[in-house]
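Report on the following structure.
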Protein chains: 2
Amino acid sequence: MSDEPHFLKQATADESETKAMRIARKSATEATLEPLQLGQRVRAIRLSQNLTLEEASKRTGLARSTLSKIENEQISPTFSAVNKLVHGLGIDIPQLFAQPRTGASAGGRRDITRKGEGKPHPTPTYEHELLATQLTQKKMVPFRTRVHTRTFDEFDEWIRHEGEEFLYVLSGEILFYTEFYEPVTLNEGDSAYYDCTMGHALVSTSEQDAEVLWVTA
Amino acid sequence: MSDEPHFLKQATADESETKAMRIARKSATEATLEPLQLGQRVRAIRLSQNLTLEEASKRTGLARSTLSKIENEQISPTFSAVNKLVHGLGIDIPQLFAQPRTGASAGGRRDITRKGEGKPHPTPTYEHELLATQLTQKKMVPFRTRVHTRTFDEFDEWIRHEGEEFLYVLSGEILFYTEFYEPVTLNEGDSAYYDCTMGHALVSTSEQDAEVLWVTA
DNA sequence: AACAAATATTTCTTATAGGAAACAAGAGCA
DNA sequence: TGCTCTTGTTTCCTATAAGAAATATTTGTT
């Protein structure tokens, strides 16, 4: 993992950011990751369940007016509000943060992802490359992951979430830790299927980072 | 800021077992109070990347003070703030919203399939090797397939069934035919996600049989 | 210890989210 | 037509998140 460039630190005169810079930075970041129309998605989900704002309000514990404003993208809900939404209505989590992109027509959907052209999503422990991100509303979420963890200590807690997961080792050797089993070594071509509610974690035991294919449902 | 004095860089299975158990116990007890400790997680991630609040601030575009408050759970960040966090630092999405389910309720199923040890299922066109066959009642059905079809003529009709399918090319080159699209060439590392109700078929265009990984849901 | 530099927290202000209620638009129905 | 019920939007006010700057804390060095 690359460190923060040090040359940033020795700037003394440049330390103070001009207002112009700040504004530029602000609009830059917001431009790149703001097109996240949460509202549209919430409305679509609510309507698909034939719920009125009032009913959705009851389920989520959010005021009718608040829901309306969220759906019309007049406000950016707080984390706790999003949580209520997610749990109140059943919202597909991974999709929430994925870029929507204009999906194909309803009938025969198809999405091709070329090697290395998925959507990168690095984390401290894994380096994910999300596949088939053009399609939303999928049953499965596929991604290719580079495991650069080398010791189990690098995890501060189990990874644990809803659903089931299929794992296939593309290259390298990994140690597959699970909460209720002995850790097991997996080599290229080996695979595993498991309950995600059970804590799990991967560690690369090979020279290079191991690469795995993961599919969650 | 030097690295943590981890004297043993390679964790043996035994040492990790200890840690694994500790974590298991910890998360089990914490499950009682579950106000979704986003802050703790953010802090853990930031520190694991050896970032200061200032550096994290630069990456995320959030004020230093805001980050501090989020980490100390003094505020509930807005959705857009969470987004900046998620993208700025790499945060594992499903983790964020997943209820910290206690391990107790978790049906911890797991099934390992070694390379080549799946259940063979040959057909005239494909040679499937079903994976994770020990487990029943799965949401997904994963299998590794050797494609020895060489021309599209060998299919007398479209393959078509319920559900969605994810396809990943392990080796060789294939031509991916679908009912509503032009056929497309896929090479090793490419992948596709599609509606199975749409007719589909694979043909190997490489010297040897191509190999693909398939997951159906 | 004393100091300086780096890092984190708190305070204060402004911007904005959330909720209650008013308002608007529409759909029956007498 | 007027009335009422339902649903979604808007207004207004309060609660609270976000940012800037001040303050506190930690860390490293002599």
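We name chains A, B, ... by the order of the sequence lines, and we start the count at 1 in each one.
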### Query
What does T52(A) touch in the nucleic acid at a heavy-atom separation under 4.0 angstrom: a base, only the sugar-phosphate, or nothing?
sugar-phosphate
### Query
Within this structure, what is the CD-to-P distance between Q49(A) and dT7(D), rounded to whole angstrom?
16 Å
### Message
Tell me if the side-chain of R64(A) makes a donor-acceptor pair with the base of dG8(D), cut-off 3.5 Å, by modelled atom types.
### Response
yes
### Query
What does L53(B) touch in the nucleic acid at a heavy-atom separation under 4.0 angstrom: a base, only the sugar-phosphate, or nothing?
base
## Note on the structure
The residue among E127(A), H128(A), E211(A), E129(A) that forms side chain to side chain donor-acceptor pair (under 3.5 Å) with R146(A) is E211(A)
### Query
Would you call D190(B) and K115(A) a salt bridge, taking side-chain N to carboxylate O under 4.0 Å as the test?
no
### Query
Where each residue is assigned the nucleotide of DNA chain C containing its nearest heavy atom, which of E71(B) and A63(A) is assigned the position nearer the 5′ end?
E71(B)
### Message
Let's see if you can work this out: which of dA8(C), dG19(D), dG19(C) has an atom nearest to the side-chain heavy atoms of R43(B)?
### Response
dA8(C)
### Message
Between C1' on dG19(D) and CD on E54(B), what's the gap in Å once rounded to a whole number?
### Response
13 Å
### Query
Is any side-chain N or O of Q74(B) closer than 4.0 Å to OP1 or OP2 of dT9(C)?
no
### Task
Check for a donor-acceptor pair, side chain of T113(A) on one end and backbone N or O of A132(A) on the other, with a separation under 3.5 Å.
yes
### Query
Considering heavy-atom distances to DNA chain C, does G61(A) or S65(B) have its closest nucleotide positioned more toward the 5' end?
S65(B)
### Message
Heavy-atom nearest nucleotide on DNA chain D for N72(A) versus I75(B): which residue maps closer to 5'?
### Response
N72(A)
### Message
Taking atom types as they are modelled, would you say the side chain of T78(B) forms a donor-acceptor pair with the base of dA17(C) within the 3.5 Å cutoff?
### Response
no
### Task
Scan L67(A) against the nucleic acid and name what it touches under 4.0 Å (heavy atoms): base, sugar-phosphate only, or nothing.
nothing
### Query
Are the aromatic ring centres of Y194(B) and F176(B) under 6.0 angstrom apart?
yes
### Message
Under 4.0 Å from OP1 or OP2 of dA18(D): is there any side-chain N or O of T66(B) that close?
### Response
no
### Summary
Rounded to whole Å, the CG-C1' distance (N83(A) to dG18(C)) equals 16 Å
## Note on the structure
Closest to the 5' end of DNA chain D, once R46(A) and K69(A) are matched to their nearest nucleotides, is R46(A)
### Message
How many whole angstroms separate atom CD1 of I70(B) from atom C1' of dT10(C)?
### Response
16 Å
### Task
Rounded off to whole Å, could you give me the CG-to-P distance for the L62(A) and dA20(C) pair?
11 Å
### Query
Which class fits the ring pair W214(B) and F143(B): parallel under 30°, tilted 30 to 60°, perpendicular over 60°?
tilted
### Message
Tell me the interatomic distance from L85(A), atom CG, to dA17(C), atom C1', rounded to whole angstroms.
### Response
13 Å
### Query
Under 4.0 Å between a side-chain N or O of S68(A) and OP1 or OP2 of dT9(D)?
yes
### Task
Give the rounded distance in Å between these two atoms: CZ of F79(A) and C1' of dT16(D).
17 Å
